Amino acid sequence: MQDVLASLNPRQREAVLCTDGPLIVLAGAGSGKTKMLTSRIVHLIQELCIPAHQVMAVTFTNKAAAEMRARVDKMLGYSTSTWSPKEGGPRLGRPEIGTFHSFCVRLLRRELHRTPFTKPFVIYDDTDQLSLIKRVFSSLNIDEKSVNPKAIQSGINRAKCDAQTPDELEALSYSVFSRQLKRVYESYQKELLLNHALDFGEIICMTYRLLRDDSELREKYQKNLRYLHVDEYQDTNRAQYLLLSMLAGSRQGGHGNLCVVGDEDQSIYKWRGADIRNILDFEKDFPGAQIVKLEENYRSTQTILAVASQVIRNNRSRRDKTLWTKNQEGSQVIRAQLADERAEAEVVIAEIKRLVFDEGRSYPDFSIFYRTNAQSRPFEDVLRREKIPYQIVGGLRFYDRKEIKDILAYFKVILNFSDSVSLKRIINVPVRGIGKTTVEKLELFYQEVNSQGPSSYWEVMQLAVAQGRFSGAAARKLSLFIELIQKLMDSQPNRLLSELYHLILDETGYVRQLRAEATEESLARIQNLEEFSTLLQEFEEDLLEPLSEQQRNQKRSELLTLFIEQSSISDSEFSGEEKEGSVQLMTLHSSKGLEFPVVFIVGMEEGLFPSLKPWEESQEDEIEEERRLFYVGITRSREKLYLLNAKVRRIWGNVSYQEPSRFFSEISNDLLKDHAFSYGNKSDGFKVGSSRQFRSVVEGCVGKQMVHPQYGCGTVVASEGAGVDQKVTIRFSGQTERKFLFRYVSGYFSENVSIDSRR
């Protein structure tokens, strides 16, 4: 045991030796908390002779639990492969180490006779849960068009994070959604029991309620589990806090031997239900708690830690602690402002190439952090072009995301109706009521027709409707789908690619369905679709801007073909993202728990990071969570840190002139080095500032007259957006309205509207 203690610093050793009563270990980033935690468990078992089965540690992921278990096994001399002591090793048993959910599932199965179930239960995943909610919708005669099932699912999960039953939800609400949520939640809970099923939230909640309501059961587990440890305590929700109170809380007759390890400065999961008050109020909730601070950082340079400390001290909801290190001082943090998001991507990748060449670094040394998944796209484009392997951590490549593949499938069908793979993908995407039974019948008819001679899936679908192979709702929905695709095919030759894209979204209602879901996932999908709009506009500009007006008109019919060809060739030529030795790209949320020698934090602009609008500045708790997210990003870096923002950013289909993030003003100038990147004289062939032109129309374009070569005379009735993304809605004779990107119709106005060109 002396070897274990000898390897710890004084504060870590203090935490290991504080074995009785409640203890909170405030573990700063990179301070060796896992080493301390595993050493504490081993100390209890090996030195204090606490039976191993009375020691428990819980964390949030199976991976983290497995790593902790492996470390403890090794320190105790156990074989992790056979789960038995090595020859000559101590036969002390094994502590219970796992996730909150795994512990609760084991308890519920052992105590099944105390639960409402009469036979073993099953666990429903998110898909099962949504299916059950839809069944409840049907039984309650709730139209999915009026209330989205996924929004209800999200509401139920939020309630369970707070350990709220349907009766405990706010009843006095004028919101239709709130009333429907309460109604569905009540029926859903009954259906869960009838199905002998638990969802993930109910696993925690049912365990808590059993312990709360059954004093005999509570005393049993308080006696059996005498020493509790919780990792990442700042990420616990209300239900998990209540569960721990039942197991260890002295107010409930427990032993109070609860050791929690966490850092409120790294609390970044409020949107998942995490409650920062759990860690801030620990001493109040567990009187007599001891406090140990782990402030020595083993990861980063002094300069990086100084930047992190200067930023996070602006938060009010935190405890006083400051990271320090014996590591070298390190270089200043590089701060750069680029022309736009394209320049940002070019500069970051060029700097990675330079550091690989000049310093002998390898690609896994580098990571690029951004606030939202949609920001990955320009970096992926440059990495693919440069044939540099990359990996999206915690997500998919931009072009592999479902919503992007769906739109590409629409494009491919419009270009080639014989593409049966793409046609089958979109036949019920977004959901339009063409169910599995209809598709199976269509497939059988397809095989029947093709047995007599080759026909495309599209032709067979038209034939099935024409011959009356379907009736009622199925026939109507198939007919509407055929009409939709035909309309898109007919429109394609006369539209820009970006215009065709928006027509697809408008006609299918793709975004409307996502907005109705009102979940974090659906919002991210919308952002990716908006970023796809930016991609298409850039593609058009690169091809069309050098051309004359006549050449543009000739070229526009080829845009779809060229785009599909380019995206397909790029995809087939580049497969480096599946290989080891890759540059890592990820959101700041995904970076938690990781570390890299070199980190780039990009998109540091107001409204993007922090991701709040100016009128939301009064919401201090939201600003503080964004600042904690920045702190997490900073402290992932070991040696070099780059902070970048763009003057002009086109993201999510909109162009705007960006203000630098307020977080820059929280860092002293002596820690930052402003750097004007320029690779114009190098082989990269890139020079900062060489961005495309941004154009904006003058005010008052609404009401202007124009003559379109295809649609005739028209009047501008609405204008939206700005710069290259400015769109105008024009009403033509016969009250037909069309939406255009202004830059491509500006030449048709009878009173030439002036264009302000700027770089």
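In this text the structure is predicted, and so the values were computed from the model without any measurement.
- Inter-residue side-chain proximity for N645 and L338 is flagged as unmet; no heavy-atom pair is nearer than 4.5 Å.
- A salt bridge links E606 with R662: at least one charged nitrogen is closer than 4.0 Å to a carboxylate oxygen.
- A salt bridge links E351 and R354; the closest N-O separation between the charged side-chain nitrogens and carboxylate oxygens is under 4.0 Å.
- Residues F60 and T236 have side chains in contact (heavy-atom distance under 4.5 Å, counting atoms from C-beta outward).
- Within the 4.5 Å cutoff, the side chain of I352 has heavy atoms near those of the Y363 side chain.
- Checked for salt-bridge contact, E283 and R319 meet the test: a charged N lies under 4.0 Å from a carboxylate O.
- Partners of D162 under the side chain to side chain donor-acceptor pair (under 3.5 Å) rule, at least two apart in sequence or in another chain, do not exist in this structure.
- Of the charged side-chain nitrogens involved, none lies within less than 4.0 Å of a carboxylate oxygen, so that R628 and E264 do not count as a salt-bridged pair.
- The shortest side-chain heavy-atom distance between Q310 and S668 falls under the 4.5 Å cut-off.
- Counting heavy-atom neighbours within 6.0 Å of K321 NZ, excluding the residue itself, gives a total above 12.
- Not a single ring-ring contact (aromatic ring centres under 6.0 Å, His included) links F596 to another residue, sequence neighbours left out.
- Surrounding CG of N669 are at most 12 heavy atoms belonging to other residues, nucleotides or ligands under 6.0 Å away.
- Closest non-hydrogen pair, F369 versus S591, comes out as CZ-CB, 3.6 Å.
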Show, in sequence, the C-alpha distance, side-chain angles and deciding distance for E346 and R385, and conclude whether the side chain to side chain contact (heavy atoms under 4.5 Å, CB included) test is met.
CA-CA 11 Å; E346 295 280 3; R385 186 194 71 204; 2.8 Å; yes
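- L396 CG to I404 CD1: the interatomic distance, rounded to the nearest 0.5 Å, is 11.0 Å.
- Within a 6.0 Å sphere centred on NZ of K402, heavy atoms belonging to other residues, nucleotides or ligands number more than 12.
- Aromatic ring pairs are classed by plane angle as parallel below 30°, tilted from 30° to 60° and perpendicular above 60°; the pair F200 and H101 is perpendicular.
- We find that E625 and K270 are not joined by a salt bridge, their nearest charged nitrogen and carboxylate oxygen being 4.0 Å or further apart.
- Within a 6.0 Å radius of CG in D281, more than 12 heavy atoms belonging to other residues, nucleotides or ligands are found.
- Listed for the E295 side chain is a donor-acceptor partner under 3.5 Å among the backbone atoms of T322.
- Taking CZ of R384 as the reference point, atom CZ of F398 lies at 11.0 Å (rounded to 0.5 Å).
- Side chain of S245 to main chain of Y241: a donor-acceptor pair is present (N/O by atom type, distance under 3.5 Å, no hydrogens or angles).
- We find the CZ-CE distance between R636 and M586 to be 10.5 Å, quoted to the nearest 0.5 Å.
- A donor-acceptor contact closer than 3.5 angstrom links the side chains of E232 and Q234.
- Residues I291 and F282 form no side-chain contact, since every pair of their non-hydrogen atoms from C-beta on lies 4.5 Å or further apart.
- Within the 4.5 Å cutoff, no side-chain heavy atoms of V583 are placed close to those of Q391.
- Remark: the Y390 side chain and the Q584 side chain contain no N/O donor-acceptor pair separated by less than 3.5 Å.
- Between K640 and E359 there is a salt bridge, since at least one side-chain N of the basic residue sits less than 4.0 Å from a carboxylate O of the acidic one.
- Using a 4.5 Å heavy-atom cutoff, the side chains of Q266 and Y631 are in contact.
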Yes or no on side chain to side chain contact (heavy atoms under 4.5 Å, CB included) for I349 and I368, after CA distance, side-chain angles and deciding distance?
CA-CA 10 Å; I349 308 312; I368 303 169; 4.1 Å; yes
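- The ring-ring contact (aromatic ring centres under 6.0 Å, His included) search around Y227 returns none, not counting sequence neighbours.
- Inspection of the R313 and S309 side chains reveals no N or O donor paired with an N or O acceptor under 3.5 Å.
- Using modelled atom types, one side-chain atom of Q332 and one backbone atom of D670 make a donor-acceptor pair closer than 3.5 Å.
- Remark: R515 CZ is loosely packed, at most 12 non-hydrogen atoms of other residues, nucleotides or ligands lying under 6.0 Å away.
- Pairs of residues two or more places apart, or lying in two chains, that qualify as salt bridge (charged side-chain N to carboxylate O under 4.0 Å, His left out) and include a residue from residues 364-376 are R371-E626.
- Panel note: side chain Q12, backbone S31; a donor-acceptor pair is recorded below 3.5 Å.
- No side-chain donor from either of N315 and S317 sits under 3.5 Å from a side-chain acceptor of the other.
- Side-chain atoms of T303 come within 3.5 Å of backbone N or O of E329 as a donor-acceptor pair.
- Although no hydrogens or angles enter the test, the distance criterion places no donor-acceptor pair under 3.5 Å between the side chain of S637 and the main chain of I634.
- Checked for salt-bridge contact, R318 and D265 meet the test: a charged N lies under 4.0 Å from a carboxylate O.
- Counting heavy atoms from C-beta on, the side chains of R377 and T534 come closer than 4.5 Å.
- No cation-pi contact links R397 to Y399, judged by a cut-off of 6.0 Å to the six-membered ring centre and 45° from its axis.
- Remark: side-chain polar atoms of S39 are paired, donor with acceptor, to backbone N or O of K35 under 3.5 angstrom.
- Rounding to the nearest 0.5 Å gives a distance of 9.0 Å between NZ of K592 and OG1 of T635.
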Between E595 and R299, does the salt bridge (Lys or Arg N to Asp or Glu O under 4.0 Å) criterion hold? Intermediate values first, please.
CA-CA 8 Å; E595 59 182 75; R299 178 187 300 156; 3.1 Å; yes
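- Side-chain atoms of R13 come within 3.5 Å of backbone N or O of L5 as a donor-acceptor pair.
- Interatomic distance, T372 OG1 to L523 CG, rounded to the nearest 0.5 Å: 9.0 Å.
- S376 and R401 form a side-chain donor-acceptor contact under 3.5 Å, judged by distance and modelled atom types alone.
- Residues meeting the side-chain contact (heavy atoms from CB on, under 4.5 Å) test with A646, sequence neighbours left out: E605, R649.
- Salt bridge status for E67 with R71: absent, with no side-chain N to carboxylate O gap under 4.0 Å.
- In this view, F663 and F609, F630 satisfy the ring-ring contact (aromatic ring centres under 6.0 Å, His included) rule, not counting sequence neighbours.
- For the pair R361 and E639, the salt-bridge criterion is met [side-chain N within less than 4.0 Å of a carboxylate O].
- Taking CG from L585 and CD1 from I392, the interatomic distance works out to 4.5 Å, rounded to the nearest 0.5 Å.
- Salt bridge present: R342 and E538 bring a charged side-chain N and a carboxylate O closer than 4.0 Å.
- Remark: side-chain polar atoms of T301 are not paired, donor with acceptor, to backbone N or O of G330 under 3.5 angstrom.
- Checking S533 against E530 by side-chain atom types alone, no donor-acceptor pair falls below 3.5 Å.
- Looking only at atom types and distance, the side chain of R40 has a donor-acceptor partner in the side chain of H229 under 3.5 Å away.
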Start with the C-alpha gap between K353 and E386, add the side-chain angles, then the distance that decides, and say whether salt bridge (Lys or Arg N to Asp or Glu O under 4.0 Å) holds.
CA-CA 10 Å; K353 290 172 65 178; E386 298 296 321; 2.9 Å; yes
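- Although no hydrogens or angles enter the test, the distance criterion places a donor-acceptor pair under 3.5 Å between the side chain of E624 and the main chain of R316.
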